[in-house]
Amino acid sequence: MRVSNLFGKTLRDVPSDADTASHQLLLRAGMIHQVAAGVYAYLPLAWRVHKKIENIIREELDKIGGQELLMPTLQPHELWEKSGRDVAFGQALFTFDDRRERKMVLAPTHEEVVTELARYNIQSYRDLPMMLYHIQTKFRDEPRPRGGLVRVREFAMKDLYSFDVDVDGLDASYEKALQAYKNIYSRCGLDFIVVEADSGAIGGKGSHEFMVIAETGEDEIIFCSKCDYAANEEKAVSIKPRAASDEPLPYQEVATPGAKTIEEVVSFLEIRKKQTLKAVFYIADGQFVFVTIRGDLDVNEIKLKNVLKCADLRLATDDEVKAAGVVAGSASLIGLKGIKSVADDSITLGTNFVVGANKPDYHLKNANYPRDFEVDLVTDIALARPKQSCIKCGGKLKSVRGIEVGHVFKLGTVYSQRSGAYYLDSDGNQNPVVMGCYGIGVGRLLAAAIEQNHDDRGIVWPVPIAPYQVYLCALNMDRSDEVVQAADRIYGELQEAGVEVLFDDRNESPGIKFNDADLLGIPLRLLVSTKSLQNGGLEVKARGDKESELVSIETAVDSVKALIDKFYNR
RNA sequence: CGGGGUGUGGCGCAGUUGGCUAGCGCGCAUGCUUUGGGAGCAUGAGGUCGCCGGUUCGAGUCCGGCCACCCCGACCA
């Protein structure tokens, strides 16, 4: 491709809408164009990268026996009512009526359809195991798109689905998929870690996310500094510090004028946070829930949501708290009846806590569970934090931010049972197919690759996903026939040799060409100029390097191919 | 949905107490000169000032409403 013909212009100024490196660079490189919030057009350079990533995915999934198919994105709403996920996705689901006033959805994912397919095409254990995948545009009406391609409303996603006879089969398929994923990210030149994850609206039992470490990432990862434990903050568990555990004392009311928050109570009574229990109020699918957790910890709302098995969870408003008969700022479960309650197990790690007295400006000292109050459910609903201890090895926990570039789930039989995807085993018994699903956001992966591979001059593409392998830069073309001839010759020879080359044939000053080459991040820059020809040939420079190397015209193509091979084998 | 911010040519911005044909830089077009890290000169094209309404002799500027986009949070894979 000649740069003079390339669709897409580079920008000198940083568009003001863009905050993150990948967003800024994609815009400046002329690779994407925003059409609406979270909706982007991919220009030729970006689309080449996208296709390369897709193909790496295809190769790795084909290798583990995946079969590619295509499923519709336009789906009847009925299908989503059947699975109950119209509620689970809520507002994120794009819906509309067709001309017959039949309610339709633009699918956010494809478990429903693939399970239907399984129902019709998998009848016997002989048909299993099976792995299907597709790469398709998916739609999710995100509350807040952000970060360029990181979080969008329309995006290409690769989804792989596995079907097995039993849980052992699922585990084997899951392992295969995990390995394929590791290969995919490695080939894309990404540093990633695998973390334990919550399964969210997809459902299922086991779940892992693939995270690309990046400061701009949306997710917080809690990991152990000693062992291999790593989990999304949404899911992470920790050993909670113990509070003082003296002999339980009789409880006693104390005046705490004006002290409502934990901070105020703690400083008024001159005690430590972990000697208090705090009350937090939620509305879970319309029902008021009284949540208790030790004062030094915070509620993990994902865990709470899972424990309550509700679709919608939010903090209660002041009015709702009042209506429930609870005294905000001085609330505890002591003496309260008829309110649904959940507590974090931290309330058992200590004694003689300070809690609300259920009347304004008073608290109770020496509250003890279960002596003084009852809770419907006591379990772990706390947010794990850095500096706490690892549940696996006791090591110190740390945290980093990451971009979620892949998510895998052990679905089990949830979907197959719902839609009747059963098979006959060798004894003639009907069993639900055991499923797994495995997703990769292609565009997000592209963005993550830039977040992780750029410098102050521009993108530094990993070779396997670079839009082109070589940037052929010719200077002085309008004044030197020699340069034109040499550049044309090399351009032709590279193409014949199967090298992907972008030929900067523009009549621009050297600075512009060098800067564009750096901005676009093409791995190898090949320079032809009167000077280089005088010196005996062309200059080759890797994007990440400072120094260039002189090669003769005759050996240029071989040298370039050798360098590219070297990069691939890195 | 809550908080904050921004809408003026393709991009980045300026525009005073309301006042005349709405400016600047980059980019774009043409010509000449230039050419190893974003060249110079000259000429030129390109704008319903986000939209609607109001106030006024007169609105980019003041008032009201709406919309879009960005950031933080909520929520979300």
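Chain naming here is simple, since letters A, B, ... match the order of the sequence lines and numbering starts at 1 in each. Quick caveat: nothing in here was measured; it's all calculated off a predicted structure.
Nucleotides B:rC11 and B:rU6 place their C1' atoms 16 Å apart, quoted to the nearest Å. To the nearest whole angstrom, the two P atoms, one in B:rU30 and one in B:rG18, are 44 Å apart. A distance of about 16 Å separates the C1' atoms of B:rC52 and B:rG7, rounded to the whole Å. B:rG38 and B:rG23 have their C1' atoms separated by 24 Å, given to the nearest Å.
In terms of phosphate contacts, A:S16 brings a side-chain nitrogen or oxygen within less than 4.0 Å of OP1 or OP2 of B:rC13. The phosphate of B:rC70 has OP1 or OP2 within less than 4.0 Å of a side-chain N or O from A:Q34. In this structure, A:R144 reaches the B:rC71 phosphate: one of its side-chain N or O atoms is under 4.0 Å from OP1 or OP2.
Looking at A:N453, its side chain does come within 3.5 Å of a backbone N or O of A:A449 through a donor-acceptor pair. Judged by distance alone, the side chain of A:Q24 and the main-chain N or O of A:A18 form a donor-acceptor pair under 3.5 Å. In this structure, the side chain of A:E142 does not engage the main chain of A:V152 through any donor-acceptor pair within 3.5 Å.
Atom CZ in A:R153 sits roughly 18 Å away from atom P in B:rC76 (whole-Å rounding). The NZ-C1' distance, from A:K9 to B:rG12, rounds to 17 Å in whole Å. Atom CG in A:L315 sits about 12 Å away from atom C1' in B:rC75, given to the nearest Å. A:R151 places its CZ atom 13 Å from the P atom of B:rC75, with the value rounded to the nearest Å. Distance, A:I283 CD1 to B:rA74 P: 18 Å, rounded to whole Å. In this structure, A:M477 atom CE and B:rU34 atom C1' are separated by 18 Å, rounded to whole Å. The separation between A:Y40 atom OH and B:rC69 atom P is 10 Å, rounded to whole Å. Rounded to a whole Å, the CG atom of A:D198 is 14 Å from the C1' atom of B:rC75.
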>> Walk along nucleotides 35-42 of chain B from 5' to 3' and tag each nucleotide B, S or - by protein heavy-atom contact under 4.0 Å, base first, then sugar-phosphate.
In response: BBBBS---

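Contacts of A:G148 with the nucleic acid, taken as non-hydrogen atoms under 4.0 Å apart, are absent. Using a 4.0 Å heavy-atom distance criterion, A:P15 is classed as a sugar-phosphate-only contact. Residue A:V152 is classed as a base contact, given a heavy-atom separation below 4.0 Å to a base. Among the heavy atoms of the strands, none lies under 4.0 Å from A:Q91. Within 4.0 Å of A:A92, counting heavy atoms only, lies no atom of the nucleic acid at all.
The aromatic ring of A:F155 sits over the base of B:rA77, with ring centres less than 5.5 Å apart and planes inclined by under 30°.
Under the Watson-Crick or G-U wobble criterion, with both distances below 3.5 Å, B:rC24 is paired with B:rG12. Nucleotide B:rC41: paired with B:rG31 (Watson-Crick or G-U wobble, both distances less than 3.5 Å). The base-pairing partner of B:rC51, taking Watson-Crick or G-U wobble contacts with both distances under 3.5 Å, is B:rG65. When both pairing distances are held under 3.5 Å, B:rG73 makes a Watson-Crick or G-U pair with B:rC1.
Comparing A:G38 and A:D13 by the nucleotide of RNA chain B that holds the closest heavy atom to each, the one mapping nearer the 5' end is A:D13. Projected onto RNA chain B by closest heavy-atom contact, A:A37 and A:R444 fall at different nucleotides, the more 5' of which corresponds to A:A37.
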> Could you go step by step and tell me if A:F288 and A:F281 meet the ring-ring contact (aromatic ring centres under 6.0 Å, His included) rule?
Replying inline: CA-CA 7 Å; A:F288 187 88; A:F281 315 112; 5.8 Å; yes

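Defined by atom type and a distance below 3.5 Å, a donor-acceptor pair is present between the side-chain atoms of A:H208 and A:Y174. For A:S532 and A:E539, the side-chain atoms include no donor-acceptor pair closer than 3.5 Å. Of the N and O atoms on the side chains of A:S552 and A:T555, at least one donor lies less than 3.5 Å from an acceptor on the other residue.
The aromatic ring centres of A:H77 and A:W80 sit 6.0 Å or more apart.
Remark: A:R140 fails to qualify as a cation-pi partner of A:F94 under the 6.0 Å distance and 45° angle criteria applied to the six-membered ring.
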